[in-house]
Undergrad: 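Shown below is the structure under consideration.
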Protein chains: 2
Amino acid sequence: MTTEIKVQDISMDSFFEKYEGKFKAIADKKRLKIMNILTQKGAMCVCDLAPLMDMSQSKLSYHLKILLDANLLIKETKGTWSYYQLNQKELNHLLSSELCCVFKPTC
Amino acid sequence: MTTEIKVQDISMDSFFEKYEGKFKAIADKKRLKIMNILTQKGAMCVCDLAPLMDMSQSKLSYHLKILLDANLLIKETKGTWSYYQLNQKELNHLLSSELCCVFKPTC
DNA sequence: TTATTAAATCAAATTTATTTGATATTTATA
DNA sequence: TATAAATATCAAATAAATTTGATTTAATAA
């Protein structure tokens with residue numbers, strides 16, 4: 001007895017996995033707050049974000065990494081500072097324009 | 001020493017919590033697949049969805065409840081059957097139009 | 001009424017995600 | 001060079017989500 005698995009099923013599965021990763025990244029109120037702050041302030045370094053988030057540095061780095069790994073943030077390093085900003089293109093692909101100015105800066 | 005907490009902070013917190021719930025609901029590949037199937041098929045009962053999802057009934061009910069609690073599904077009971085369909089209005093509020101026909105039926 | 005079907009719920013086991021505090025790495029400054 | 005600041009990473013502890021199999025509930029059919 002064999003179990004048929006179609007090619008589409010396999011590629012759809014990795015398609016769903018891709019969006020799972022992105023939605024998981026934004027499915028957290030702390031990370032939504034980070035996105036909200038970055039929507040308003042543009043690029044920020046970890047040390048300036050930490051007090052606004054009322055969060056330890058290691059905890060904040062953990063959450064930033066999750067958003068970065070999902071390609072929802074762009075990171076730029078200057079000296080010892082890491083500046084994070086929202087990946088607008090990616091967020092526009094994902095979120096409705098009604099969420100503009102809340103979780104993403106552009107429509 | 002007192003710690004000031006602004007009224008906005010409290011209401012923003014419940015605002016972020018609301019979206020956390022909705023994004024958590026869709027942040028799972030099984031539930032994204034459910035949404036994809038319902039996008040194509042419209043309303044379906046659990047017993048017809050279960051074989052398509054290759055999932056036990058209790059497991060499927062668990063995942064449907066998560067989507068329902070997030071108000072992303074609408075449930076209609078007819079006799080012993082429960083028919084589930086996507087809450088288009090809510091999904092349109094949440095997801096970009098580029099995800100139309102994949103995770104939601106309308107733009 | 002009894003049996004059957006569809007679906008929801010429950011508790012326990014398992015898996016995954018988050019928090020915490022410590023340490024490592026890198027760059028700039030005295 | 002020695003020190004300090006910014007950030008990343010790690011391992012252990014904790015918390016949250018998911019799976020599983022069994023049970024319950026409710027509606028229909030025999």
Undergrad: Please report the distance, rounded to the nearest Å, between NZ in B:K24 and C1' in D:dA16.
TA: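 Rounded to the whole Å, the gap is 8 Å.
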
Undergrad: Is the backbone of B:L95 close enough, under 3.5 Å, to the side chain of B:K104 for a donor and an acceptor to pair up by distance?
TA: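 Yes; judged by distance alone, with no hydrogens or angles, the pair exists.
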
Undergrad: Nearest whole angstrom, please: distance from the P of C:dT18 to the NZ of A:K30.
TA: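 Going from NZ in A:K30 over to P in C:dT18 covers 8 Å.
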
Undergrad: Measure CE/A:M44 against P/D:dT7 and give the value in whole Å, please.
TA: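 Whole-Å distance recorded here is 10 Å.
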
Undergrad: Looking only at the side chain of B:S61 (C-beta and beyond, no hydrogens), which of the listed nucleotides C:dT9, D:dT7, C:dA6 gets closest?
TA: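 Selected nucleotide: C:dT9.
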
Undergrad: Can the positive tip of A:K29 be found less than 6.0 Å from the middle of the six-membered ring of B:Y19, inside 45° of the ring normal?
TA: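 No, a cation-pi geometry is absent between A:K29 and B:Y19.
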
Undergrad: What does A:Y83 touch in the nucleic acid at a heavy-atom separation under 4.0 angstrom: a base, only the sugar-phosphate, or nothing?
TA: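 No contact.
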
Undergrad: Can you tell me the distance, in whole Å, between the CG atom of B:D48 and the P atom of C:dT5?
TA: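 Those two atoms, CG and P, are 15 Å apart.
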
Undergrad: Does A:Y62 have a side-chain nitrogen or oxygen under 4.0 Å from the phosphate oxygens OP1 or OP2 of D:dA11?
TA: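 No, outside the criterion.
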
Undergrad: Has B:K78 got its NZ or CZ under 6.0 Å from the middle of the six-membered ring of B:Y83, at an angle within 45 degrees of the ring axis?
TA: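 Positive - B:K78 is close enough to the ring of B:Y83 and near enough to its axis.
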
Undergrad: Quick one: which of D:dA8, C:dA8, D:dT19 gets closest to the side chain of B:K75?
TA: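 Comparing D:dA8, C:dA8, D:dT19 against the side chain of B:K75, the answer is C:dA8.
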
Undergrad: May I have the step-by-step check of side chain to side chain contact (heavy atoms under 4.5 Å, CB included) for A:V102 and A:T39, ending in yes or no?
TA: CA-CA 7 Å; A:V102 181; A:T39 293; over 6 Å; no

Undergrad: Examine the base of C:dA6 for any acceptor or donor lying under 3.5 Å from a partner atom in the side chain of B:Q57, and report the outcome as yes or no.
TA: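 Checked by distance alone, the answer is no.
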
Undergrad: Pick base, sugar-phosphate or nothing for B:L60, based on heavy-atom distances below 4.0 Å to the nucleic acid.
TA: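 No contact at all - B:L60 keeps every heavy atom at 4.0 Å or more from the nucleic acid.
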
Undergrad: Distance check needed: C:dC10 P versus B:K65 NZ, whole Å only.
TA: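 So the NZ-P distance, B:K65 to C:dC10, works out to 9 Å.
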
Undergrad: Between B:S96 and A:N92, do the side chains contain a donor N or O and an acceptor N or O under 3.5 Å apart?
TA: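 No donor-acceptor contact under 3.5 Å links the two side chains.
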
Undergrad: Calculate the interatomic distance between A:L64 atom CG and D:dT9 atom P; express it in whole Å.
TA: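 Those two atoms, CG and P, are 12 Å apart.
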
Undergrad: Ignoring hydrogens and angles, tell me if any N or O in the side chain of B:N87 forms a donor-acceptor pair with the backbone of B:N71 under 3.5 Å.
TA: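 Looks like yes, one N/O pair under 3.5 Å.
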
Undergrad: Under 4.0 Å between a side-chain N or O of B:K59 and OP1 or OP2 of D:dT20?
TA: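 Checking D:dT20 against B:K59, a side-chain N or O does come within under 4.0 Å of OP1 or OP2.
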
Undergrad: Report the nucleotide, chosen from C:dT19, D:dT19, C:dA6, that has the shortest atom-to-atom distance to any side-chain atom of B:W81.
TA: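 The nucleotide sitting nearest to the side chain is C:dA6.
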
Undergrad: Where the side chain of A:H63 is concerned, which of D:dT19, C:dT18, C:dT19 is the nearest nucleotide?
TA: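 In terms of side-chain proximity for A:H63, the closest of D:dT19, C:dT18, C:dT19 is C:dT19.
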
Undergrad: Under 4.0 angstrom, heavy atoms only, what part of the nucleic acid is A:S58 near: base, sugar-phosphate, or nothing?
TA: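 A:S58: base contact, heavy atoms under 4.0 Å.
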
Undergrad: Choosing from D:dT7, C:dT9, C:dA6, which nucleotide comes nearest the side chain of B:C47?
TA: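 Of the candidates, C:dA6 comes closest.
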
Undergrad: Rounded to the Å, how far apart are B:K29 NZ and D:dT18 C1'?
TA: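 Nearest whole value for this atom pair: 13 Å.
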
Undergrad: Please tell me which of the listed nucleotides, D:dT7, D:dA17, C:dT18, lies nearest to the side chain of A:C45?
TA: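 Side chain of A:C45 sits closest to D:dT7.
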
Undergrad: Determine the contact category for A:K78: base if any of its heavy atoms lies under 4.0 Å from a base atom, sugar-phosphate if only primed atoms, P, OP1 or OP2 are that close, otherwise nothing.
TA: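 A:K78: no heavy atom of the nucleic acid under 4.0 Å.
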
Undergrad: Let's see if you can work this out: which of C:dT5, D:dA8, C:dA8 has an atom nearest to the side-chain heavy atoms of A:S82?
TA: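 Nearest to the side-chain atoms of A:S82, counting from C-beta on, is D:dA8.
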
Undergrad: Without decimals, in angstroms, what is the distance between A:D28 CG and D:dA15 C1'?
TA: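 Between C1' of D:dA15 and CG of A:D28: 13 Å.
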
